[in-house]
Participant: 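This is the structure I want to talk about, given as structure tokens.
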Amino acid sequence: MSRRWSGDWGAEPDGGVPTERGGTPLPVEVLIPTRERGAELAVTLAGLAAQEEPDFGVLVSDQSPAAASWEHPAAAAMVRVLRAQGRPVRLERNLPARGLAQQRAHLLEGSRAPMVLFLDDDVWLEPGLLRRLAGALAESGCGFVGSAVQGLSYLQDRRPDEEVSFEPWTGPVEPERIRRGDPGFERWPLHNAANLAHLAAPLELEPGSWLLYKVAWVGACVLFDRRKLLDCGGFSFWTDLPEGHSGEDVAAQWRVMERYGGAGLVPSGAVHLESPTTVRDRSTDAAELMFGQ
């Protein structure tokens, strides 16, 4: 177990909050963009505190116009827990706010880890999920593996019509081209409501195991091979977008999928907190702007 247990919390940390071990970057860095979400960020950090392997650090970038999200007492407490566990936690302000694509570009630029998990500030992770994601990414060799978030308020809302496009990868994850109107684009309803929980149950997978499946894209919890993401331009396209936009994660994933392939992971183990969005201006769809006909 890479985290320090409570019996050692009072021990002197190794250099405070190191981002490297022996000059080598930690295997994973969790990149969290946040804005005016103190309580939600606390829950997100609590989910990370329950993860064991692999060793990871956390980088939070805040665009709140007033107090930073991590100043919320619950969020501040979870930062202290992670640091007591020996997890490096870096907290940065990124102002003025220039949209989520710039936030993600800023986070990516600040990391040296081989794998980076882009995690939204309103997502709780099941214990062990980070290990499953990292194992699946390493084993598949593709560009990204994502755990689509589930709204557990929908557990009694079965939607079989939205599950019909579920297609496991039966061999290596291959590059794919996804555009609006293509057959692969029609996979998007898989990630609605609690569809993944309903799809996972009949698979009867052993605890700790996973299955990779074909996606249109994955939102809110995506582990990238950092070098492959950078090879495809990362989020450098942020300069072509107005501040009010959405779909920047889709645009980046489509680029990576075309060159290296990408996959979803089931069971997901990522839970959406179902809080109202703080991205209120979605007048520009980044994927549509970049790839629309």
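Not measured: the values here are computed from a predicted model. Heavy-atom basis, side chains included; hydrogens, waters and symmetry copies ignored.
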Participant: Looking only at heavy atoms, which two atoms of Leu155 and Ala197 are closest? And how far apart?
Facilitator: CD2-CB, 4.0 Å
Participant: Tell me the closest heavy-atom pair linking Leu137 and Cys142, and the distance in Å.
Facilitator: CD1-O, 3.4 Å
Participant: Taking Glu126's backbone N and O only, do any of them form a donor-acceptor pair with Gln51's side chain (distance below 3.5 Å, no angle check)?
Facilitator: yes
Participant: Set out, in order, the CA-CA distance, both residues' side-chain angles and the distance that settles side chain to side chain contact (heavy atoms under 4.5 Å, CB included) for Ser140 and Val145, then state yes or no.
Facilitator: CA-CA 9 Å; Ser140 67; Val145 173; 4.2 Å; yes
Participant: Sub-3.5 Å donor-acceptor pair from the side chain of Arg226 to the main-chain atoms of Ala113, do we have one?
Facilitator: yes
Participant: Is Ser64 reaching over with its side chain to a backbone N or O of Glu36, donor-acceptor style, under 3.5 angstrom?
Facilitator: yes
Participant: So, taking the atom named CZ in Arg131 and the one named OG in Ser2, what distance separates them when rounded to the nearest 0.5 Å?
Facilitator: 10.0 Å
Participant: Are side-chain heavy atoms of Leu100 and Trp238 found at a separation under 4.5 Å?
Facilitator: no
Participant: Is there a chain of hydrophobic side chains (I, L, V, M, F, W, Y, each step under 4.5 Å between heavy atoms) that links Phe144 to Tyr213?
Facilitator: yes
Participant: Is a side-chain N or O of Ser268 found less than 3.5 angstrom from the main chain of Ala270, in a donor-acceptor match?
Facilitator: yes
Participant: Is any side-chain heavy atom of Arg37 less than 4.5 Å from a side-chain heavy atom of Asp122?
Facilitator: yes
Participant: Which heavy atom of Arg98 sits nearest a heavy atom of Asn94, and at what distance?
Facilitator: NH2-OD1, 3.6 Å
Participant: Are the side chain of His72 and the backbone N or O of Ala42 linked by a donor-acceptor pair below 3.5 Å?
Facilitator: no
Participant: Partners of Ala97 by side-chain contact (heavy atoms from CB on, under 4.5 Å), sequence neighbours excluded?
Facilitator: Arg35, Gln63, Glu243
Participant: How long is the gap from CE on Met290 to CD on Glu248, to the nearest 0.5 Å?
Facilitator: 11.0 Å
Participant: Please tell me if the side chains of Arg187 and Ile178 come closer than 4.5 Å, counting only heavy atoms from C-beta onward.
Facilitator: yes
Participant: Under 4.5 Å between side-chain heavy atoms, hopping through other hydrophobics if needed: is there a path connecting Ile32 to Trp124?
Facilitator: no
Participant: Can you name the side-chain contact (heavy atoms from CB on, under 4.5 Å) partners of Asp285, sequence neighbours left out?
Facilitator: Arg180, Ala287, Glu288
Participant: Might you confirm whether atom CZ of Phe166 has over 12 heavy atoms from other residues, nucleotides or ligands at distances under 6.0 Å?
Facilitator: yes
Participant: Does Asp182 use its side chain to pair, donor to acceptor, with the backbone of Arg179 at less than 3.5 Å?
Facilitator: yes
Participant: Given the rule that I, L, V, M, F, W and Y join up when any side-chain heavy atoms are under 4.5 Å apart, are Val43 and Val271 in one cluster?
Facilitator: yes
Participant: Should Glu40 and Asp120 count as side-chain neighbours, where that means a heavy-atom distance under 4.5 Å?
Facilitator: no
Participant: Distance-only check: which donor-acceptor pairs under 3.5 Å involve side-chain atoms of residues 227-237, not counting sequence neighbours?
Facilitator:
unit_1: Lys228; atom_1: NZ; unit_2: Gly141; atom_2: O; d: 2.6
unit_1: Asp231; atom_1: OD2; unit_2: Tyr260; atom_2: OH; d: 3.0
unit_1: Ser236; atom_1: OG; unit_2: Gly233; atom_2: O; d: 2.8

Participant: With heavy-atom distances below 4.5 Å as the criterion, would you say the side chains of Leu125 and Cys221 are in contact?
Facilitator: yes
Participant: Can you confirm whether the side chains of Glu92 and Ser61 place a donor and an acceptor under 3.5 Å from each other?
Facilitator: no
Participant: What heavy-atom pair brings Leu119 and Pro33 nearest, and what distance separates the two atoms?
Facilitator: O-CD, 3.5 Å
Participant: Please check if Leu82 and Leu117 belong to a single hydrophobic cluster, counting links between Ile, Leu, Val, Met, Phe, Trp and Tyr side chain heavy atoms closer than 4.5 Å.
Facilitator: yes
Participant: If you measure from CZ on Arg159 to CG on Leu190, what distance do you get to the nearest 0.5 Å?
Facilitator: 12.5 Å
Participant: Passes side chain to side chain contact (heavy atoms under 4.5 Å, CB included), Leu129 versus Leu265? Steps please.
Facilitator: CA-CA 10 Å; Leu129 177 56; Leu265 182 139; 4.1 Å; yes
Participant: Please answer whether the main-chain N or O of Ala263 pairs with a side-chain N or O of Trp169 as donor and acceptor at a distance below 3.5 Å.
Facilitator: no
Participant: Could you walk me through whether Phe224 and Met115 pass the side chain to side chain contact (heavy atoms under 4.5 Å, CB included) check?
Facilitator: CA-CA 6 Å; Phe224 287 92; Met115 293 180 283; over 6 Å; no
Participant: Working to the nearest 0.5 angstrom, can you tell me the gap between Glu71 CD and Leu91 CG?
Facilitator: 10.0 Å
Participant: Could you tell me the separation between the CH2 atom of Trp188 and the OG atom of Ser165, rounded to the nearest 0.5 Å?
Facilitator: 10.0 Å
Participant: Can a donor-acceptor pair be found, under 3.5 Å and without considering hydrogens, that links the side chain of Arg83 to the backbone of Met78?
Facilitator: no
Participant: I'd like to know if the side chain of Asn195 pairs up with that of Glu163 as donor and acceptor (distance under 3.5 Å, no hydrogens or angles considered).
Facilitator: no
Participant: Do the ring centers of Trp217 and Phe185 come within less than 6.0 Å of each other?
Facilitator: yes
Participant: Is the closest side-chain donor-acceptor distance between Asp62 and Ser69 under 3.5 Å?
Facilitator: yes
Participant: Are there over 12 heavy-atom neighbours, none belonging to Glu109, within less than 6.0 Å of that residue's CD?
Facilitator: no
Participant: Taking Ser209 for the side chain and Leu205 for the main chain, is one N or O donor matched with an acceptor at less than 3.5 Å?
Facilitator: no
Participant: With the side chain counted from C-beta on, respond yes when Glu52 and Arg3 share a heavy-atom pair under 4.5 Å apart, and no when they do not.
Facilitator: yes
Participant: Answer whether the closest heavy-atom distance between the side chains of Ser111 and Leu31 falls below 4.5 Å.
Facilitator: yes
Participant: Under 4.5 Å between any side-chain heavy atoms of Asp249 and Phe118, yes or no?
Facilitator: no
Participant: Is there a path of hydrophobic side-chain contacts, each under 4.5 Å between heavy atoms of I/L/V/M/F/W/Y residues, joining Leu45 to Val123?
Facilitator: yes
Participant: Measure across Gly143 and Val256 and return the closest heavy-atom pair with its distance rounded to 0.1 Å.
Facilitator: CA-CG1, 3.6 Å
Participant: For residues His191 and Gln150, is any side-chain donor paired with an opposing acceptor at under 3.5 Å?
Facilitator: no
Participant: Looking at every non-hydrogen atom in both residues, tell me the closest pair between Glu29 and Leu59 and how far apart they are.
Facilitator: OE2-CB, 3.8 Å
Participant: What's the spacing between Leu289 CG and Thr284 OG1 if we round to 0.5 Å?
Facilitator: 6.5 Å
Participant: Applying side chain to side chain contact (heavy atoms under 4.5 Å, CB included), run through Val266 and Leu203 and close with a yes or a no.
Facilitator: CA-CA 9 Å; Val266 64; Leu203 296 175; 4.0 Å; yes
